[in-house]
Visitor: 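I'd like to ask you about the structure that follows.
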Amino acid sequence: MNILVLHGPNLHLLGKRQPEIYGHQTLNDINSALDQFVASSPHDVVLKILQSNHEGEIVSIIGDHIEWVDGILINPAAYTHTSIAIRDALSTVAVPVVEVHLSNIYSREEFRHHSYISGVAAGVVSGFGAYTYILGLEAMIHILGPKTNET
Ligand code: DQA
C-alpha cells in the first residue's frame, strides 16, 4: 500500500514552533518515527513524506500522486480551516484520507474548530502530539489492510 504523508504550512518548524502547543519533536523526528513504524509493520507499506507551506503546491502534490497513492495521511495545518482547494483535491483523488493534528483543535480557538478537510476524511486524530501521526498511520493501514474477522 502506497501512503502519501503530507505536512502543511509551518510544520517544518516543529520543535521551535510554540513547543507548549506542538511539542519538542521536530518534523524529522516525526518522519523517522513513521518510517520506523512502517519498518516494523507486517504490512507491505511504502511511505512518501512531503511538506509544503503553499496551498497550491499541496493541491498539485495530491493530484500528481493520483496514479500512485492508496491513502493520504495529512496534517493540513492552518489550511485545515480555510482550504476548499485542498478538500477538492482530496475528493478528486478519491482514496481514503486520515486527517491528523498534533494539538486538539477542538480545545483551542473557535476558528480552529471547523475543518474543511474532515468532511472528506475517513477519520480524524487530534491532540496526541507527535504520536498522533502514528495513530493516524495505524488507522490508515487498518483501512487499507486485509480485513480479518477480528477487526
Ligand atoms: C495543527 C492545528 C492547526 O490549527 C494549526 O494551524 C497548525 C497545526 C496541528 O497539528 O495541531 O498549523 O494542524
Side-chain angles (χ1 to χ4, degrees), residues 1-41 45-66 68-144:
M1 50 184 97
N2 294 336
I3 300 174
L4 180 63
V5 179
L6 271 178
H7 303 287
N10 298 307
L11 296 175
H12 63 308
L13 294 176
L14 285 178
K16 294 190 182 107
R17 179 189 179 198
Q18 294 175 284
E20 68 287 1
I21 295 175
Y22 298 114
H24 292 277
Q25 284 184 279
T26 66
L27 197 60
N28 274 342
D29 294 336
I30 290 173
N31 293 342
S32 300
L34 290 171
D35 284 334
Q36 269 175 35
F37 185 84
V38 163
S40 62
S41 163
V45 180
V46 177
L47 286 190
K48 184 159 179 187
I49 306 178
L50 296 169
Q51 189 273 334
S52 174
N53 293 323
H54 306 282
E55 182 177 22
E57 192 175 357
I58 294 170
V59 168
S60 296
I61 289 169
I62 293 168
D64 289 347
H65 286 82
I66 194 164
W68 178 83
V69 75
D70 296 311
I72 300 175
L73 180 69
I74 184 166
N75 183 347
Y79 290 137
T80 306
H81 318 296
T82 62
S83 183
I84 298 170
I86 293 174
R87 178 192 173 114
D88 284 353
L90 293 169
S91 300
T92 302
V93 173
V95 294
V97 172
V98 174
E99 176 186 344
V100 293
H101 300 283
L102 295 143
S103 63
N104 177 357
I105 57 173
Y106 301 102
S107 68
R108 300 183 61 196
E109 302 96 324
E110 188 132 4
F111 67 84
R112 296 186 202 276
H113 296 182
H114 177 259
S115 165
Y116 279 101
I117 309 305
S118 301
V120 298
V124 182
V125 188
S126 182
F128 302 98
Y131 190 57
T132 295
Y133 281 88
I134 300 294
L135 294 171
L137 182 58
E138 249 190 297
M140 179 61 80
I141 293 170
H142 174 74
I143 293 168
L144 298 177

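For this chain, numbers begin at 1 and follow the sequence in order. As the structure lists them, so they are numbered: ligands from 1, and atoms in each ligand from 1. Not measured: the values here are computed from a predicted model. When reading the values below, keep in mind they use all heavy atoms of this one structure, side chains included, and skip hydrogens, waters and symmetry mates.
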Visitor: Looking at Y22, does the NZ or CZ of R17 lie under 6.0 angstrom from its six-membered ring centre and within 45 degrees of the ring axis?
Guide: yes
Visitor: Determine, using heavy atoms of Y22 and all atoms of ligand 1, whether some pair is separated by less than 4.0 Å.
Guide: yes
Visitor: Answer yes or no: does an N/O atom from I105 fall short of 3.5 Å to an N/O atom of ligand 1?
Guide: no
Visitor: Give the contacting part of R112 toward ligand 1: side chain, backbone, both or neither, where contact means a heavy-atom distance below 4.0 Å.
Guide: side chain
Visitor: With a cutoff of 4.0 Å, is N10 in contact with ligand 1, counting heavy atoms of the residue only?
Guide: no
Visitor: Closest heavy-atom contact between P76 and P9?
Guide: O-CD, 3.6 Å
Visitor: Any chance the side chains of H7 and Y133 put a donor and an acceptor closer than 3.5 Å?
Guide: yes
Visitor: Just by distance, do the side chain of S126 and the backbone of I105 share a donor-acceptor pair under 3.5 Å?
Guide: yes
Visitor: Please check whether T80 reaches ligand 1 - meaning an N/O of the residue sits under 3.5 Å from an N/O of the ligand, judged on distance alone.
Guide: no
Visitor: Ligand 1 and L102, any nitrogen or oxygen pair closer than 3.5 angstrom?
Guide: yes
Visitor: For a quick check under 3.5 Å, do S32 and D29 share a side-chain donor-acceptor pair by atom type?
Guide: no
Visitor: Below a 4.0 angstrom heavy-atom separation, can you tell me which part of N75, side chain or backbone, both or neither, approaches ligand 1?
Guide: side chain
Visitor: Nearest 0.5 Å please: distance from the CG atom of N31 over to the CD atom of Q51.
Guide: 9.5 Å
Visitor: Which is closest to atom 11 (O) of ligand 1 by heavy-atom distance: S103, A77, G23, P9?
Guide: S103
Visitor: Kindly check if the number of other-residue, nucleotide or ligand heavy atoms within 6.0 Å of CD (E109) is above 12?
Guide: yes
Visitor: Determine, using heavy atoms of R17 and all atoms of ligand 1, whether some pair is separated by less than 4.0 Å.
Guide: yes
